[in-house]
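Have a look at the structure below before the remarks.
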2 protein chains.
Amino acid sequence: MKFGYFDNEKREYIIEKPDTPMPWINYLGQDGFFGMISNTGSGYTFMIDARKLRLTRYRYNNVPMDGGGRYFYIRDNQTGAFWSPGWLPVKQPLDFYECRHGQGYTVLSSEKDGIGVSIRFFVPPGETLEVWEMDVVNRSAETKSISLFTFVEFCLWEALTDATNLQRTLNLGEVEVEDGVIYHKTEYRERRNHFAFFSSSEKTEGTDTDRDAFLGPYNGFHEPAAVREGRSRDSLACGWNPIGSHHIRMTLQPGETKKINFLLGYAENPEKEKFSSKGVLNKRRVRAVIRKYSDRAQSEKAFQALRKMWDGLFENLQVSTPKKELDTMVNIWNQYQCFITYNMARSTSFFETGIGRGIGFRDACQDLLGVVHFLPKEKSRQRILDLAAIQWRDGACYHQYQLLDKKGNADVGAGFNDDPCWLILATAAYIKETGDWTILNAKADFDNNPKDRATLYEHLKLSFGYILKHLGPHKLPLIGRADWNDCLNLTMTSIKPGDTFQADATAAELTDPIGRVPESLMIAAQFVWAGRELEAMARQRKDAATARRAVKAVADMIRAINRHGWDGEWFLRAYDRFGKKIGSRENPEGKIFIEPQAFMGWAGIGLDDGRLQKAMDSLKKHLYSKHGVVVQQPAYSEYDFYKGEITSYPPGVKENAGVFCHPNGWVVIAECRLGRGENAMMYYRTICPAEREAISDLHKAEPYIYCQMIAGPDSKRFGEGKNSWLTGTASANFYAVSQYLLGIRPEYAGLRIDPCVPKDWKGFTIRRVFRGCRYQIDVTNPRHVNRGVKETTVDGRKVPGNVIPVFKDGKTHKVKVVMG
Amino acid sequence: MKFGYFDNEKREYIIEKPDTPMPWINYLGQDGFFGMISNTGSGYTFMIDARKLRLTRYRYNNVPMDGGGRYFYIRDNQTGAFWSPGWLPVKQPLDFYECRHGQGYTVLSSEKDGIGVSIRFFVPPGETLEVWEMDVVNRSAETKSISLFTFVEFCLWEALTDATNLQRTLNLGEVEVEDGVIYHKTEYRERRNHFAFFSSSEKTEGTDTDRDAFLGPYNGFHEPAAVREGRSRDSLACGWNPIGSHHIRMTLQPGETKKINFLLGYAENPEKEKFSSKGVLNKRRVRAVIRKYSDRAQSEKAFQALRKMWDGLFENLQVSTPKKELDTMVNIWNQYQCFITYNMARSTSFFETGIGRGIGFRDACQDLLGVVHFLPKEKSRQRILDLAAIQWRDGACYHQYQLLDKKGNADVGAGFNDDPCWLILATAAYIKETGDWTILNAKADFDNNPKDRATLYEHLKLSFGYILKHLGPHKLPLIGRADWNDCLNLTMTSIKPGDTFQADATAAELTDPIGRVPESLMIAAQFVWAGRELEAMARQRKDAATARRAVKAVADMIRAINRHGWDGEWFLRAYDRFGKKIGSRENPEGKIFIEPQAFMGWAGIGLDDGRLQKAMDSLKKHLYSKHGVVVQQPAYSEYDFYKGEITSYPPGVKENAGVFCHPNGWVVIAECRLGRGENAMMYYRTICPAEREAISDLHKAEPYIYCQMIAGPDSKRFGEGKNSWLTGTASANFYAVSQYLLGIRPEYAGLRIDPCVPKDWKGFTIRRVFRGCRYQIDVTNPRHVNRGVKETTVDGRKVPGNVIPVFKDGKTHKVKVVMG
C-alpha cells in the first residue's frame, strides 16, 4: 500500500494521506538552525544543538503519536467548527490533503468546506528562522468568516531539563508580546542572551502565551478552549508553560486569497544590549529580520535561493539509468539523506530524541563518504580536522565529540577499535574527491589540547599504529569495546541491567586479560583497506619508510586473515575472550555474519583464490531474505554475557539478525568486486526505500529515506523498517551504488569509471562535477557484460584504461565509456 | 472555591469534582513498592526507585495534563458509548464522581447512565503489587451489557532510557499472556530477573499488549480503537510499546454487582529459575500471589491490615485543639506527608519526575524530624547511619546518596556547608524521641568505605569540627556552595546557561579565594543549636573535653553573631565574596531574609536582649503577606552573578521572594520562643493547607498537603501553590506545631510540655506514645496566657517543672497541665 508518490521533476515526495504508518518527516534548515517536520506539521525547531538550544517542545513516543508542532486551527465563525490544515492535531477529515517534502522545505496543502490552505515551511539560507508562508483561499461560493489560530509550545531551551526538572522550570517562563509578535525570553533575564520570536505578518486579533489559558485545563491539542470559543485570551505566561498563539480573523470573499507569513526564529543580542529598558527585551535588531521575512516577495526570494543552493549541490552527481528507483534515490533522496546525516549526526529524528549523542567519530567519518562529492570542500576538511583533534597521542580516539564545543566526550571515552582506521578512510575519500593533498599537512590537536598537535598525516600514521599495537593472539586486531557492530561486546564486564554493554576501555582493553584476547576480522579487513590508503598517501609524500611499513603490515594482516580468519565456507567474525570462534560453523547460533564477508570484499581479500566468492555465496544462502541481508544467522535465542548487547535483542531485530541496511551497502560493493552485477542489484533493491514504497503499510518508514534497520525473518515484524534518516546506511549505500554499482569512483589520480551492472542494462549516463570540471559521461553496454570497460573516450579522444585524467580547465568534458 | 472536603473520621480527603486545578495526588505503598495516583487514577507505579525500576509510564507536563495511569473504559454494548470511572482519559461528564484519598489508598467512585463503579487502590503491606478492587453495579432498572477495558502502559524499567533512547527501546518490548494475566518481561531475557504482571480475577474476553493495536495509530488515550469497537485485538507486543489491557464482558441485572480484583505487580525470580522452558517466563512463584490477592476476602484482609498499620502509627500523636484545621493537619495529613517525604525523598510527585535526585543529606535529616515519633525505631536509626556513611573523614558530607546502593553521589559532591550540622540535629531528635543513646556507639563508614569507619559520635564531632575549620573573615561559618537556601550561591563561578549555580566545592570552597569569604548567618545559628546538642551528648557520655569545646565554640559563635550578624533591625543573611553584607538595610534589594531571623529564634539567639523580638517584628513588617512569609524583600529585580540562582527566578517565585513554606515553620518556632502565640498561629494559618481549602481555585495545589512554595506578592500569581508533597515543609511545620506551638517536645530527659498558643485557647488534649508509654495529656489555660506552665500533674501526682519524667512501665499515664 502506498501513501504517496515521487515527483522527481520537483524533487519532492508527495504524501496524499495524512495518517501515514508513522510520521514521515523532513528537515528544515541547512546552516545551524534546524527544524524537524512531519507530514502533519508536527516536530520541533532548534538552534545548532537539539538538546541545548531547543526552541519548541516535541513529545517523543507520546499518545497520541507525533505530539507537538507547528499547529494551526481554522475556525468557521458561522458554525464554530474547526480543523487543522495539517490534519493534526484536530484530526477532522479533510476534503483534500497533500504534503510535499522537498530538500529543506515542506509544503502542506489541504481543503475543507471550501477553504483551501497551503503552508510552505523553510529556513532561508543563512538565517535562524523558519518562514511559514501561508495562503488561505476561499474556494466556495459564499463569503466566509474565519478565525485562524496558530500554536507552538516553547521549550525552555535545554530539552532534558525542560522535561525533567519541573520544580525549577515551571517557575521560569517569561514572554513579551509587542505588535502581535510573541517573544519567548525564559532565562534571558539571567545568563542567556538569546530568545525566540513568533510573528505574523497579518494583524492579530489577539494572542496567547500561556498554555493553560489557551488550551483550558485537561484539554488536548485537539480541543483548545480559545479556538472553541473563537477568541484569544491575550494571556501572558508567568511561569508554567509559555506558548505562542496568534488569532487572525478574516473575511474572505469567494475566490479571495489571503497571504500571511509567520516567522518562528531565534535571535541573540550582544551582552551589553540585552535590554531596552529595565527588564525589557531589546528588540531593535530582530525587528529588521522580522520585517524582511514578513514580506512575501522577500521570502519567495529566499526560497528561490534555497532551491538554487540545492540545484548546485545536486549538479555534482546526476545519473540516468534503466532503473527509475535507483535514479530517484541516487539523484535526490540518498544525497539529501547524506546531507542530513552530516548535519544532524545521530541527534534528531523521529527515533533520535535530540538529547543523547554528540557527533560519533566513526559515524562522522562514514557520513563523509556520502557528502565529500557535493559539500563545500572547507566543510569536509574542517570536519576531518575536528575529528582528528579528538584523537589521543597513542592513536586511540574518543568515540564522540560534542557539537557545541567540539570536545571529545569523556563520559563515553575511547576503545572502539575500528575508530582510528575510519579517519584514514575518510581522509582518503576527501583527497580522492578534491585532490587536496594539503590537508595532510594541516595540524590538529591531540585530545583537544592546542599545545599538543601534529599534522593530519601524523594522526593517520598513529591511527594505523594503534591497530598494530593492539593485536591479539592470532595477530588479528583487538576488538576493544566494539568495532563497527557496537553491539558485539566481547570484552563486556557489566552485569547489572542498565550498565553499559561496552565496558570501560581502559579496564577491558589494556589492563584486563579479557581485553587482550577478543579479535575482530572486520577490523582486520578494514585495516588492509586503510593500510593501502596510507601506503598511497606515503608514496605521494615520498615517505618510503611509512609506505614500506604499511605494505608489510597489510601483508602480515592478510596472512593472519588467511591463517585464522577463514571458516571453510565464509570468513569468521571474531575471536572471543576465550579464544573461541564467533561466526563459525562451530557455533550453534551466529554461525555466519554479514560484516566480515562484505568487508573482506571491500578490501579485496579472497578475490584471488575464490574465497570471497564462496563467502558471498554463503552470505546469500544463509543471510539473504526478501527484506534484506540480516546481520547474522541463526539469531541468538538467548542472552549471552560473553557477547553482550547483540544477544540482548529479541531475535530478528537490530544487531540480533535484523536487516542492518548499512552493511547491505557493503554487500553491494563486495558483489561488484566479484563482478556480479545481478547480485549487486538484487541486494540493493531489497533495501532501496523507493523499491519498498509499494509495501509502505508493512515497511512503515518513509519510502524516500533509508532505515537503519528492517526487522528480519526471525521477528514477527519481518519487513518493518525502523530508525529512518540518521544512519550510516545513507552514505554506505550512496557510496556503494555510485562508486561500485555505477562505478563512478574518484581515485587519487582521477575519476575511474568501472561499473558493475546487470547484464541487461544497455547503458546509462552520468553528470558529474569533479575537481572543478563537469563530466558528461555516457556508458554503453553493447556486449551486455556485468563489468569491464573496453574503451574510454574523453572529448572525442581515446584514453588508456578507465581513469579519466584530471583536467584543471574548469570546463565541461564529454566522456564515452564502452563496457565489454 | 472548594473541590472537596475533609472526612476526618475516615482520615480521608474527598474530592467531588474531577477537574481539580491540578491533579490532586496520593501515594500507594509503604515498604518499597509505590504508586503515585491522582484523583483521576492517573500516575505510575515503581519498585523502590522511580527511575531505575518504573513499572508504568507517566508523561510529565503532558498535553492533556496528567498523562498516563490506571485507566478504565466502561462501554455500553448497546449504544457503543464509553466513559471512564476516573473521568480521565475519556472525560465524559459523569453523573456522580468522588475520589477518596486515604493513607496509602485511594477510592474512585462514579456513576453514569445507571452503572456505578467503585475502585479501591492500595498496596498490601509487605507486598509488591497494587490491588485494584473494583465493584461494578447496575443501578438502573434495565439489564445492562457492558464491556470493561483496563489499560496501563508499561515503562521499560529505566525511566530516562525509556523516554530518550528510542532507537534501542522500541525494539525490546516483550510480553507473555497466560490465563488472562499479562506479563511484561522486557529485558528479562538478558540481565533482569524481574517482570511485571497485570491480572484480572474475572475471566477475560480478550487482552491487548501492543499499544498501537489497542489505541489505533494517532489516537489518544480517550479514544482507543479497541474500545470503540468493543473488542480486544489479542495483540502480542513485539517491540514498540507494551501495554496491558483486559476486556471483560458482563451482563448485569438491575441491582447486580460484579466484584473484580485487578493486580498490577512486580516479581523477581532467582537467577537459576528464570525460565520454565526456553525463553518462557517461570510463573510458578508469582501465580501464588496472584491467586491470593485475586480473592476479595484476602484483599479486604490486607486492606484492614493497612488501616491497622496506620491506626498504630497515628496513635503516637493525636491532638484535639480549638482549631479544627490544625487538628486535621497535625493528626492526619501532616504526619502522612512526613511519612511520604521520608519514603519518597524528593523523587516522585506531580512536580518531581522521579529521575533526578537521590536522597538528599539535608533533606533526609530534616525529614527525620517529622517521623521519629512514629517510625519504627530501626528505620530512623538506619537512615541516620546511612547518612553518616556518606560523610567524609574531614566532616564534609556528600549532598545526596542514591537509594539503591546508598552510595554518595559523586556527581553532586559535597560543599553544602549546613549539611554536617543537620546530622547532629537529626541524631538529637532521634535520641530525644527514643532515648536510644546506643546509636552514638554504632559505627558508620566514611565515604562508604567499610575499611574506614567510626562511631556515629565521632562522625558528629567531625561535623561540628568541619564548621570550625571553615570559618570566614568574621569568624562566621563559610557558606560553601550553599546553605539551606540552595539558591543563594555566593561562591558561584559558572557563567554559561545550564551550568550549575552551585559551583564546584573544591574550587570554590578550598582553593579559590572566593570560597574563603562568603559566610552564612543561617549556619551560624544552626551551629549554635547543634553545638548545644553536641554538648548534651558529650555530657551524657562524660566526654568533658568535647563538652567544653562545644561550649566554647558556641560562645565564640554567638560573639561573632553579635559582632557581625546584627543589622540594627534584624539579623543579616550573609557576607558575600567581597565581604559585603547580604540581607541588610544597606542593600537596595534583598534587605531582609526570613532564614536568619527564624533560625536565630530556633537557636534562642537574641532572646535575652530584645533583638530577636525586634528581628521578628521586622520580619512581620517586611516579609509577611496574606499568603505567607516570603523569603526576602525587596525581590531581586535583576540577575546578579554574585548571588546566583536566587536572582535567576522572576520576582515572587521560588527563593526570589516567594513564600517558602518550609522556613515558615521556623517562623512559628521563633514566635513561640518569644511567647507570642497569636503571631505563631497567624503565621501557621496563612500556609496551613486546610486553611487554604476555600481558595483552592487560587492555591491550586492539594488542600490536604503542604506546598514547597506559594507565589509571593511580587508575582502575578500571588497565592498560587507549587510543588506540593515532597518538601521539608512537612517536617518543619509538623515539628513547629507539635513541639513548639502545642509544645509537646521530646527532650533527652523526657517529654516537655511547653505550649505557646493564642490567649483565647481554653486548652487542648493530646494523646502521645513516648518511649513505650501512652500519655493522655490534658492542657488547660484558665488564665488565658500564651505560654508558661504553672502546674503539671502525672497520674494525679504533681511533678516539678514541665518535663514528664520517663516511665519504663509501658503503661498509660494521665497528665494534666495547667498553663499560667
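Here is how names work: the chains are called A, B, and so on, in the same order as the sequence lines, proteins then strands, and each is numbered from 1.
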Less than 4.5 Å to any heavy atom of chain A: does that hold for the side chain of [X], its backbone, both, or neither?
X	result
B:Glu174	side chain
B:Pro18	backbone
B:Trp157	neither
B:Ala163	backbone
B:Tyr188	neither
B:Met22	both
B:Thr164	both
B:Thr20	both
B:Arg189	both
B:Leu215	side chain
B:Asp640	neither

Subject >> Option in A:Tyr218, A:Tyr639, A:Phe351 with maximal non-hydrogen atom pairs under 4.5 Å from chain B >> reply: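 Looking at each of A:Tyr218, A:Tyr639, A:Phe351 in turn, A:Tyr218 comes out on top.
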
Original post:
Among A:Leu160, A:Asp499, A:Asn193, which residue forms the greatest number of heavy-atom pairs with chain B at distances under 4.5 Å?
Top reply: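 Most heavy-atom pairs within the cutoff with chain B belong to A:Asp499.
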
[atom1] of [X] to [atom2] of [Y]: how many Å apart, nearest 0.5 Å?
X	Y	atom1	atom2	result
B:Phe718	A:Cys238	CZ	SG	13.0 Å
B:Glu638	A:Glu190	CD	CD	13.0 Å
B:Asn62	A:Asn62	CG	CG	4.0 Å
B:Leu170	A:Lys654	CG	NZ	10.0 Å

For [X], is it the side chain, the backbone, both, or neither that has a heavy atom closer than 4.5 Å to a heavy atom of chain B?
X	result
A:Ser349	neither
A:Pro23	both
A:Leu236	both
A:Asn241	side chain
A:Lys91	side chain
A:Ser724	neither
A:Phe350	backbone
A:Ser648	both
A:Val63	both

For the residue pair [X] and [Y], establish whether any side-chain heavy-atom pair is separated by less than 4.5 Å.
X	Y	result
B:Asn171	A:Met709	yes
A:Asp162	B:Asn61	no
B:Lys278	A:Ser637	yes
B:Lys496	A:Lys52	no
B:Pro21	A:Pro217	no
A:Arg59	B:Arg59	no

Original post:
Are any of the side-chain nitrogens in A:Asp210 or B:Lys716 under 4.0 Å away from the carboxylate oxygens of its partner?
Top reply: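 Looking at B:Lys716 together with A:Asp210, the answer is no, because their closest N to O distance does not fall below 4.0 Å.
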
Original post:
Any idea which heavy atoms bring B:Pro650 and A:Leu172 closest together, and the distance?
Top reply: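 The pair with the smallest heavy-atom distance is CG-O, 4.0 Å.
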
Is the Lys NZ or Arg CZ of [X] less than 6.0 Å from the centre of [Y]'s six-membered ring, within 45° of the axis?
X	Y	value
B:Arg191	A:Phe501	yes
A:Arg168	B:Tyr649	yes
B:Lys700	A:Trp240	yes

**OP:** Test B:Gln167 against every option in A:Lys722, A:Gln708, A:Arg346 by the side chain to side chain donor-acceptor pair (under 3.5 Å) rule and name the one that passes.
**Re:**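 Among the candidates, only A:Gln708 passes.
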
**OP:** Sort out for me which of B:Glu158, B:His222, B:Glu153, B:Glu187 touches chain A most, counting heavy-atom pairs under 4.5 Å.
**Re:**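 Answer, by heavy-atom pair count under 4.5 Å with chain A: B:His222.
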
